[in-house]
Novice: 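Sharing a structure here in structure tokens format.
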Amino acid sequence: MAPKYAKRVLNLKASEIREILKITENPEIISFAGGLPAPELFPVQEIMEVSRIVLEESGSKALQYSTTEGYKPLREWIASRMNHKLNTSFDADNILITHGSQQALDLTGKVFLDEGDVVVCESPTYLAAISAFKAYGCIFEEVETDEQGMIMEDLERILQNTQNVKIIYIIPDFQNPTGKTWSQERRKKLAEYAEKYGVMVIEDNPYGELRFEGESFPSVKSFDLDNNVLCTGTFSKIFCPGFRIAWIAGNHEIIKKYVLVKQGADLQCNTFAQMQIYKYLQTYNIDQHIEKIKDLYRMRRDLAIQIMEESFPEGVSFTKPSGGLFLWIELPKDIDAKEVLKKCIEKKLAFVPGGAFFPNTQKENTLRINFSNMPEDRIKKGLTILGEVIKEFIN
């Protein structure tokens, strides 16, 4: 008997990034594909120590069920840090711990989206957010972007002329996939539009602490006067992704709705992992650790840009992000990045073609490069190969 699947899964497709990552399991592959942190910076010895302390001091609690909302001391730490870094005004009850930011996005779909509702997003936007929201039958509207983020005139045009807009999804700091950062003016204007048109904003912020240079800007949430903005954050990029501990923050009453739908999914996140992270934060200096991450990523970004400037032919442009993990490459319009990828795979090099980051307007002449994970010699070799392959398509 053929299974009768729910409508929401009939049109789902495998993530292009995940499929490419299967190829990169071959250690000979130079991979710029995943958004992977540098594993040599994971504080393995420190985690061993805090694990021992947690088990000795609170082992029975760490291994027991706990509340859906998450470990309260950790939520208090998160709220305090967001208030300091992002100009928010949260307490522990504003925070829900989630299994990575990805679960926060999935729960957002459950809380807000009915079939046919509209999600407004940057063009391009985070591929896995498209996948998370699409499962709930939504329609996407892409907003044109430039070096300062969403173009506000285009956003307001969509809000004025589109029925059933439920969510505006944004990554204003070192955006995935482009690496771009929004100006303060646009953050403030977005909060005004969210209030004016009664639309929820999901401000996704996995990379905000990884600024290499320049001025940090207040969060969109800091300009929110009507509880229209929810924020995500994660320990994956500033600590260790394997813990899968992240959070979503917002109005108390809205977070209660997220708690209810999370209880239908998994009841709670890993108690031990939350206590390990909190004990690390108590015992060691997370800011010193983040500085080490930024120093390495800054150097790798600079190297990547240097090699691209030396190796790429005319007609190819790329972003120069001031933080984060990614940069974005645009090829001449008649070149398909998927065809470039095929040639690169033959030369043991991988990246993510950019077309999948556009929910509607597949721009196939684009690609995303991750510069945080590969060591310097492989960055140099890989981007030199990429430049050579691109030249084959142009000449």
Novice: Is E209 paired with R81 through a side-chain N to carboxylate O contact shorter than 4.0 Å?
Specialist: yes
Novice: Apply side chain to side chain contact (heavy atoms under 4.5 Å, CB included) to M150 and R186, showing your working.
Specialist: CA-CA 7 Å; M150 274 186 179; R186 300 223 183 148; 5.6 Å; no
Novice: Hey, does the side chain of R187 reach the backbone of P218 with a donor-acceptor pair shorter than 3.5 angstrom?
Specialist: yes
Novice: Do the side chains of E291 and K294 get close enough for a salt bridge, i.e. N-O under 4.0 angstrom?
Specialist: yes
Novice: Ignoring hydrogens and geometry, is there a side-chain-to-backbone donor-acceptor pair from N365 to L331 under 3.5 Å?
Specialist: yes
Novice: Is a salt bridge present between D377 and K380, judged by a nitrogen-to-oxygen distance below 4.0 Å?
Specialist: no
Novice: Go through the steps for T125 and E122 under the test side-chain hydrogen bond (donor to acceptor under 3.5 Å, both in side chains), then give the verdict.
Specialist: CA-CA 5 Å; T125 192; E122 296 158 288; 4.5 Å; no
Novice: Look at the aromatic rings of Y280 and F239 and report parallel, tilted or perpendicular, splitting at 30° and 60°.
Specialist: tilted
Novice: Kindly say whether T232 contributes a backbone atom to a donor-acceptor pair with the side chain of N205 at under 3.5 angstrom?
Specialist: no
Novice: Short question: side chain of D154, backbone of I151 - any donor-acceptor pair under 3.5 Å?
Specialist: no
Novice: Before giving the answer on side-chain hydrogen bond (donor to acceptor under 3.5 Å, both in side chains), spell out for E49 and Q45 the whole-Å C-alpha distance, their side-chain angles and the decisive distance to 0.1 Å.
Specialist: CA-CA 6 Å; E49 178 62 14; Q45 295 301 317; over 6 Å; no
Novice: NZ/K391 to CD1/I394 distance, rounded to the nearest 0.5 angstrom?
Specialist: 9.5 Å
Novice: Taking only Lys NZ, Arg NE, NH1 and NH2, and the carboxylate oxygens of Asp or Glu, determine whether E213 and R301 approach each other closer than 4.0 Å.
Specialist: yes
Novice: Would you call D91 and H252 a side-chain contact if the rule is heavy atoms closer than 4.5 Å?
Specialist: yes
Novice: Hey, is K292 close enough to D295 for a salt bridge, meaning N to O under 4.0 Å?
Specialist: no
Novice: When Y207 is tested against each of F212, F174, Y126, F326 for ring pair (Phe, Tyr, Trp, His ring centres under 6.0 Å), which residue passes?
Specialist: F326
Novice: Are Q103 and D266 linked by a side-chain donor-acceptor pair shorter than 3.5 Å?
Specialist: yes
Novice: Supply the atom-to-atom distance I97 CD1 to I277 CD1, rounded to the nearest 0.5 angstrom.
Specialist: 8.0 Å
Novice: Ion pair present between K348 and E28, side-chain N to carboxylate O less than 4.0 angstrom?
Specialist: yes
Novice: For the pair Y297 and F371, name the ring-plane relationship: parallel under 30°, tilted 30 to 60°, perpendicular over 60°.
Specialist: perpendicular
Novice: Do E141 and T162 have side-chain N/O donor and acceptor atoms under 3.5 Å apart?
Specialist: no
Novice: Does R75 pair with E69 as a salt bridge, N-O distance under 4.0 Å?
Specialist: no
Novice: With no hydrogens and no angle check, is any side-chain donor or acceptor of Q175 less than 3.5 Å from a backbone partner on P124?
Specialist: yes
Novice: Group every Ile, Leu, Val, Met, Phe, Trp and Tyr by side-chain heavy-atom contacts under 4.5 Å, then state whether I78 and F90 land in the same group.
Specialist: yes
Novice: Using a strict 4.0 Å threshold on nitrogen-to-oxygen distance, state whether E185 and K188 make a salt bridge.
Specialist: no
Novice: Can you name the closest pair of heavy atoms from S66 and T271 and give their distance?
Specialist: OG-OG1, 2.8 Å
Novice: When rounded to the nearest 0.5 angstrom, what is the spacing between OH in Y65 and CD in Q268?
Specialist: 7.5 Å
Novice: Which heavy atom of K262 sits nearest a heavy atom of L96, and at what distance?
Specialist: CD-CD1, 4.0 Å
Novice: Within the distance-only criterion (no hydrogens, no angle test), does the side chain of T88 pair as donor or acceptor with the backbone N or O of M82 below 3.5 angstrom?
Specialist: yes
Novice: If we only count heavy atoms from C-beta on, is the Y169 to D204 side-chain gap below 4.5 Å?
Specialist: yes
Novice: Are K196 and E156 close enough for a salt bridge, meaning some N to O gap below 4.0 Å?
Specialist: yes
Novice: May I ask you to say whether K180 pairs ionically with D173, meaning some side-chain N is under 4.0 Å from a carboxylate O?
Specialist: no
Novice: Test E364 against I335 for side chain to side chain contact (heavy atoms under 4.5 Å, CB included), laying out the working first.
Specialist: CA-CA 8 Å; E364 301 296 348; I335 298 179; over 6 Å; no
Novice: For the side-chain hydrogen bond (donor to acceptor under 3.5 Å, both in side chains) test, which of D106, T108, D114 pairs with Y136?
Specialist: D106
Novice: Could you grab the distance from atom SG of C138 to atom CG of L113, nearest 0.5 Å is fine?
Specialist: 5.5 Å
Novice: Salt bridge or not for K279 and E57, using N-O below 4.0 Å?
Specialist: yes
Novice: Is there a donor-acceptor pair closer than 3.5 Å between any side-chain N or O of N373 and the backbone N or O of S31?
Specialist: no
Novice: Show the numbers, then the answer: is there a side chain to side chain contact (heavy atoms under 4.5 Å, CB included) between S123 and T361?
Specialist: CA-CA 8 Å; S123 181; T361 60; 4.0 Å; yes
Novice: D146 side chain to Q148 main-chain N or O, any donor-acceptor pair under 3.5 Å?
Specialist: yes
Novice: Under 3.5 Å, is there a donor-acceptor pair between the side chain of D224 and the main chain of N228?
Specialist: yes
Novice: Treat each ILVMFWY residue as a node, draw an edge where side-chain heavy atoms are under 4.5 Å apart, and state whether F272 and L267 are in one component.
Specialist: no
Novice: Return the minimal non-hydrogen interatomic distance between I238 and I293, and the atom names on each side.
Specialist: O-CD1, 3.6 Å
Novice: Before giving the answer on side-chain hydrogen bond (donor to acceptor under 3.5 Å, both in side chains), spell out for Q276 and N270 the whole-Å C-alpha distance, their side-chain angles and the decisive distance to 0.1 Å.
Specialist: CA-CA 10 Å; Q276 286 171 295; N270 186 315; over 6 Å; no
Novice: Side chain of S311, backbone of T384: donor and acceptor closer than 3.5 Å?
Specialist: no
